[in-house]
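No experiment lies behind these values; they were computed from the predicted model shown.
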Amino acid sequence: MNSFPIVVIGAGPAGLSAAIEAAKAGAKVLVIDENLKPGGQLFKQIHKFFGSRVHKAGVRGMDIGRQLLEETKNLGIEVWLDTEVCGIDQTKNIWAIRNKDTSVNIRAEKVIVASGATENAVRFPGWTLPGVMGAGAAQTMINTNHVLPGKKILMVGSGNVGVIVSYQLLQAGAEVVGIIEAAPQLGGYGVHTAKVRRAGVPFYTAHTIKRAMGDHCVAGAEIVGLDAGWNPIPGTEKVLKIDTICLATGLTPLTELAWIAGCEFTYIPELGGHVPIHDLHMESTVKGIYIAGDISGVEEASTAMEEGRLAGISAAADLGCYTAEEKRKRTLEIWDHLNALRCGQFGQKRRDAKDRILAVGKEMISWAVHV
Amino acid sequence: MNDEILCRCEEITEGQIREAIRQGATTVNEIKRWTRSGMGLCQGRTCRRLMERILSEEMGIPLKEITPATFRQPVRPIRMGIFSEIEDRDE
């Protein structure tokens, strides 16, 4: 039986940030990740981040990933890669499979679940044809594996994932034939959207995909305009000659482990559906189990890192590694950062949604000390 | 659309899922047991949300009132042989 005071599940921005804060205070931390490399999605984020300098604005995601790995190494944090967590119970026994073939049990005093999110599918005739894929998958192909998924792309969804991946597909040498958006207005940050528009990519707002065409793989797509009630308008169909359809239609938090650990959930559509209830310290309704990053509601790497820090500090403080005063001071600082990230046209909506989780958490988590 | 595959792992169509609901399935768990949709290799990662949406459409209830499917260990596909190699899990 392996035993660690703190086990972090997921070595993405949230998990690594949590591990770093806990280890800084002297806590012994194990980080587990199913992938062969740590960093989560950071190493495919070749674009610069937004926000203020404290949020690493202007720094590329992949460079933030390198900084986090450097810190993880310097602090001597143990990282198990190629390790899939298959189970966890309320007493914080974790069951994992290492290198696809060895079963291990790990006893933890505190668990931080930073398992991330998965891409949403949408269904339309032909959606299972080869050539239809998640936009995030296409991004992994071009930026991590250096493989172009296709030559002529249709992007479904104009949110940040849609426009950022479109731009990176252009950089990788593909043609983006169009970006369709079901809503009447575009969904991404102006900076990313404008870059794609300047490159000449057409946007189709109030449009959806009617079908993917092709016998054995995608050879085209039929799109159609939508009225104010989201119904297709007959006669507005248009056929685009493309070979790849990328779906940037949102993400769903990866919550399986939190469910089987017995965490209580609430439904917040703006954040991706069912999310575990948590308090200001990212502690769930199961004492000693924390969540951070996309599992607690789909946002961005910058907010994921701040949530990870909250969880890491709280878990370490509960083990006596930070004083109550240190915990309080750092927690308030981080909330200032989070509130600064969750403002403006896009951020305010996320902040309101997050406040709803915290409000439920306040009622359900009796031991929570409110700062 | 009805013969379009919805659960790719188990090759279950949208029509089969709608039929299960019309025959009386009222939850994602019931659709799973009835059709095997969501019980394949990916354990519903792709089709679970799509099943919830169809259930919401067919039953006329909002998505937030759809109870998600139950998750169980192991949450990842693993080799069956691993079970035979596990010794003294409670040591």
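The greatest number of non-hydrogen atom pairs below 4.5 Å with chain B, out of G273(A), G126(A), P269(A), is found for G126(A). For chain A, the option among Q43(B), R8(B), R79(B) with the highest count of heavy-atom pairs below 4.5 Å is R8(B).
Minimum heavy-atom separation, C86(A) to R76(B): SG-CB, 4.1 Å. Contact detail for L6(B) and W127(A): the closest heavy-atom pair is O-CZ2, 3.5 Å. Across all non-hydrogen atoms, the minimal contact from T128(A) to I5(B) is CG2-O, 4.0 Å. In plain terms, the two heavy atoms of I82(B) and K100(A) that are nearest each other are CD1-O, 3.4 Å. Counting all heavy atoms, side chain and backbone alike, Y267(A) lies closest to L63(B) at OH-CB, 3.4 Å. Closest approach of L50(B) to A121(A), counting heavy atoms only: CD2-O, 3.6 Å.
The number of heavy atoms from other shown groups lying within 6.0 Å of NZ (K349(A)) does not exceed 12.
At a 4.5 Å heavy-atom cutoff, N93(A) makes no contact with chain B through either its backbone or its side chain. Looking at I268(A), there are no atoms closer than 4.5 Å to chain B (heavy atoms on both sides), in backbone or side chain. In this structure, chain A has a heavy atom under 4.5 Å from the side chain of R48(B), while its backbone stays farther away. Only the side chain of E84(A) comes within contact range of chain B, with heavy atoms under 4.5 Å apart. For chain B, no part of V104(A) is nearby; none of its heavy atoms comes within less than 4.5 Å.
Classification of R211(A) and E4(B) as a salt-bridged pair fails, no side-chain N sitting under 4.0 Å from a carboxylate O.
For the atom pair CZ (R72(B)) and CD (E256(A)), the distance works out to 13.5 Å, reported to the nearest 0.5 Å. Atoms CD and CG, on Q73(B) and D89(A) in that order, are 7.0 Å from each other to the nearest 0.5 Å.
Contact residues of residues 216-227 of chain A toward chain B are absent (heavy-atom distance under 4.5 Å). Within residues 18-40 of chain B, the residues having any heavy atom less than 4.5 Å from a heavy atom of chain A are, in residue-number order, R18(B).
In this structure, the side chains of P68(B) and F265(A) stay at 4.5 Å or more apart for every pair of heavy atoms.
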| said: Quick one, R53(B) with R123(A), criterion side chain to side chain contact (heavy atoms under 4.5 Å, CB included). Give me CA distance, side-chain angles, the key distance, then yes/no. | reply: CA-CA 11 Å; R53(B) 199 164 279 277; R123(A) 63 185 208 279; 4.2 Å; yes
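A donor-acceptor pair shorter than 3.5 Å cannot be found between the side chains of R45(B) and T118(A).
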